[in-house]
Q: 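Please read through the structure below; I'll follow up with questions.
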Amino acid sequence: MTLITDVRLRRILDSRGNPTVEADVITESGGFGRAAAPSGASTGEYEAIEKPPGEAIAAAREHAVPRLVGDAYAGNQREVDSILHAADGTDDFSKIGANSAVAISMAAAKAGADVLGAPLFQHLGGAFRGENFPVPLGNVVGGGEHAADATDIQEFLAVPVGAPNVEDAVFANAAVHAAVADLLEERDVPSGKGDEGAWAPSINDEDAFELVDEAVSLVEDEVGFQIEFGLDVAAAEMYDADSETYEYESAGISRDTDEQIDYIAGLVKEYNLVYVEDPLDENDYEAFAELTDRVGDQTLICGDDLFVTNTERLTDGIAQDAANSILIKPNQIGTLTDAFDAIELATENGYDSVISHRSGETEDTTIAHLAVATDAPFIKTGAVGGERTAKLNELIRIADDAT
Ligand SMILES: C=C(OP(=O)(O)O)C(=O)O
Ligand SMILES: [Mg+2]
């Protein structure tokens, strides 16, 4: 029933107005799945290769589609994904593009779920998936590669750890986003938004910490449950390998690795940060390990550019105690199977998985299902904006359906 009879690929728009790959997978019994690849701006050095969409589509049509049609079963995700790997033949999807691969992989999963008549999270997670729902990390202020002339730290994330359910958590993050706007207006600070919908005022990081701290406290009082905050430092983007320093341009500060570790450890204590992503350069497992040793019992130290959803890099990180959580972005590695394997390896080793969007997104909601299917404790998918609320609203619907 899930035998794949057609795979269609096209270019569609992403949220930045750039082209991206969309895939439709159709099965023998009329099952249908559609998915689109997201795209990063602060990409990790070791990510699978995103090709220009036109080239990725042409290459996938030539090499992957003929191997899938009439041979692969959409309900057998590992088979679909291993055919994608075989059709590509490289270890970084540089032939068909990780964007074509991930769109086909996710579309196949949806087609498989369609044939079974099950929601995607149930098809992916099976009957014995856990009953928890992820806490959403909501990007409320940001800069870095996601906005010009804003904070050096890429993302300030609201974390509604005390929310009784997904719906309250999602609304709490939106309320923090709104409270930040009110505080900016009170202070006469104009602000546009970055790629993920976070406010991107022209302020330095120190001012942003005060702002987010206050916004979080205001909303916490309003909703009556605990909200903390966290960061995606995206430190690889500010690391200068020649001088071996982290350059905070808006504050005019340069920190060497020891100073960076001290700085982040100090922030964790001062602001009770519950989440810190990529606080150090993507090549520096050792510095990650030192920071994790210092504050890993108080906060999540999460590897995004460090691990790039790659089990080999995660294995190295685990061996060195480099972090205690991993960001999972299916397009960093190219298939759902690879993303699942990374989550499984993380879980076996006591690492938390944080399922994540990219800064360039579409209306695709696969990651909401992936987070629920794998019982991931956190999902990072913005706070507001259509391509972000697509996932957040899907999460609310899944919770409504499943409980
Ligand atoms: C979502 C992120 O940004 P991008 O998609 O630009 O890598 C991130 O760095 O976690
Ligand atoms: Mg990141």
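Counting starts at 1 for both ligands and their atoms, in listed order.
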Q: I need the contact type for Glu145 against ligand 1. Using non-hydrogen atoms and a strict under-4.0 Å cut-off, is it side chain, backbone, both or neither?
A: neither

Q: Looking at atom 2 (C) of ligand 1, what's its closest protein heavy atom, distance included?
A: Lys329 NZ, 3.4 Å

Q: In ligand 1, which numbered atoms sit nearer than 4.0 Å to a non-hydrogen atom of Asp232?
A: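 Close to Asp232: 8 (C), 9 (O), 10 (O).
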
Q: What atoms in ligand 1 come closer than 4.0 Å to a heavy atom of His146?
A: 2 (C), 3 (O), 4 (P), 6 (O)

Q: For Gln298, does the CD atom have more than 12 heavy-atom neighbours from other residues, nucleotides or ligands under 6.0 Å away?
A: yes

Q: Assess whether a salt bridge exists between Asp305 and Lys329, defined as any Lys/Arg side-chain N lying under 4.0 Å from an Asp/Glu carboxylate O.
A: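 No, this pair does not count.
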
Q: Classify the side-chain pair Asp81/Ser105 by whether it contains a donor and acceptor separated by less than 3.5 Å.
A: yes

Q: Does any N/O atom on Asp304 come nearer than 3.5 Å to any N/O atom on ligand 1?
A: yes

Q: Would you say Asn99's side chain and Val21's backbone share a donor-acceptor pair under 3.5 angstrom?
A: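 Checking the backbone N and O of Val21 against the side chain of Asn99, no donor-acceptor pair under 3.5 Å is found.
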
Q: How close does the nearest protein non-hydrogen atom get to atom 7 (O) of ligand 1, and which residue and atom is it?
A: Arg358 NH2, 2.8 Å

Q: I want to check a possible cation-pi pair here: Arg129 against Phe121, using under 6.0 Å from ring centre and within 45° of the ring axis as the test.
A: no

Q: Do side-chain atoms of Glu247 reach the backbone of Asp240 as a donor and acceptor pair under 3.5 angstrom?
A: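 No, Glu247 side chain to Asp240 backbone: no donor-acceptor pair under 3.5 Å.
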
Q: If we ignore hydrogens and angles and just use 3.5 Å, is the side chain of Asn331 paired with the main-chain N or O of Pro38 as donor and acceptor?
A: yes

Q: Just let me know how Asp278 lines up against ligand 1, side chain, backbone, both or neither, with a heavy-atom cut-off below 4.0 Å.
A: neither

Q: Under 3.5 Å, is there a donor-acceptor pair linking the side chains of Asp364 and Thr366?
A: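 Thr366 and Asp364 do have a side-chain donor-acceptor pair below 3.5 Å.
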
Q: Atom 9 (O) of ligand 1: which protein heavy atom is closest, and how many Å away?
A: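 Heavy-atom neighbour on the protein nearest atom 9 (O) of ligand 1: Gln154 NE2, 3.0 Å.
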
Q: Would Asp195 count as a contact of ligand 1 if the rule is a heavy atom under 4.0 Å away?
A: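 Contact absent.
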
Q: With the threshold set at 4.0 Å, does a side-chain nitrogen-carboxylate oxygen contact exist between Arg397 and Glu394?
A: yes

Q: State whether Asp114 and Arg34 are salt-bridged, where the test is any N-O pair (Lys NZ or Arg NE/NH1/NH2 against Asp/Glu carboxylate O) under 4.0 Å.
A: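 Salt bridge: no.
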
Q: Please write down residue, atom name and distance for the protein heavy atom closest to atom 1 (C) of ligand 1.
A: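 Looking at atom 1 (C) of ligand 1, the protein heavy atom closest to it is Glu196 OE2, 3.3 Å.
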
Q: Do you know how many protein N, O or S atoms are within a distance smaller than 2.8 Å of the Mg ion (ligand 2)?
A: 3

Q: Output a table of donor-acceptor pairs, distance under 3.5 Å, between side-chain atoms of residues 270-277 and any protein atom two or more places apart or on a different chain; print 'none' if there are none.
A:
from   : atom 1 : to     : atom 2 : distance (Å)
Tyr271 : OH     : Glu210 : OE2    : 2.8
Asn272 : ND2    : Glu228 : OE1    : 3.3
Asn272 : ND2    : Glu228 : OE2    : 3.4
Tyr275 : OH     : Glu277 : OE1    : 2.6
Glu277 : OE1    : Lys380 : NZ     : 3.0
Glu277 : OE2    : Lys380 : NZ     : 3.2

Q: Give the residue, atom name and distance (to 0.1 Å) of the protein heavy atom nearest atom 4 (P) of ligand 1.
A: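 I find the closest protein heavy atom is Ser359 OG, 3.5 Å.
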
Q: Which of the atoms of ligand 1 are close to Leu327, meaning less than 4.0 Å from one of its heavy atoms?
A: 10 (O)

Q: Please confirm whether Ser42 comes under 4.0 Å of ligand 1, counting heavy atoms of the residue only.
A: yes

Q: Please determine, by modelled atom types, if Ser250 and Asn204 share a side-chain donor-acceptor pair under 3.5 angstrom.
A: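 Note: Ser250 and Asn204 side chains miss the donor-acceptor criterion.
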
Q: Name the residue from Arg294, Arg255, Lys269 that meets the salt bridge (Lys or Arg N to Asp or Glu O under 4.0 Å) definition with Asp262.
A: Arg294

Q: For atom 10 (O) of ligand 1, state which one of Arg16, His357, Lys380, Gln332 supplies the nearest heavy atom.
A: Lys380

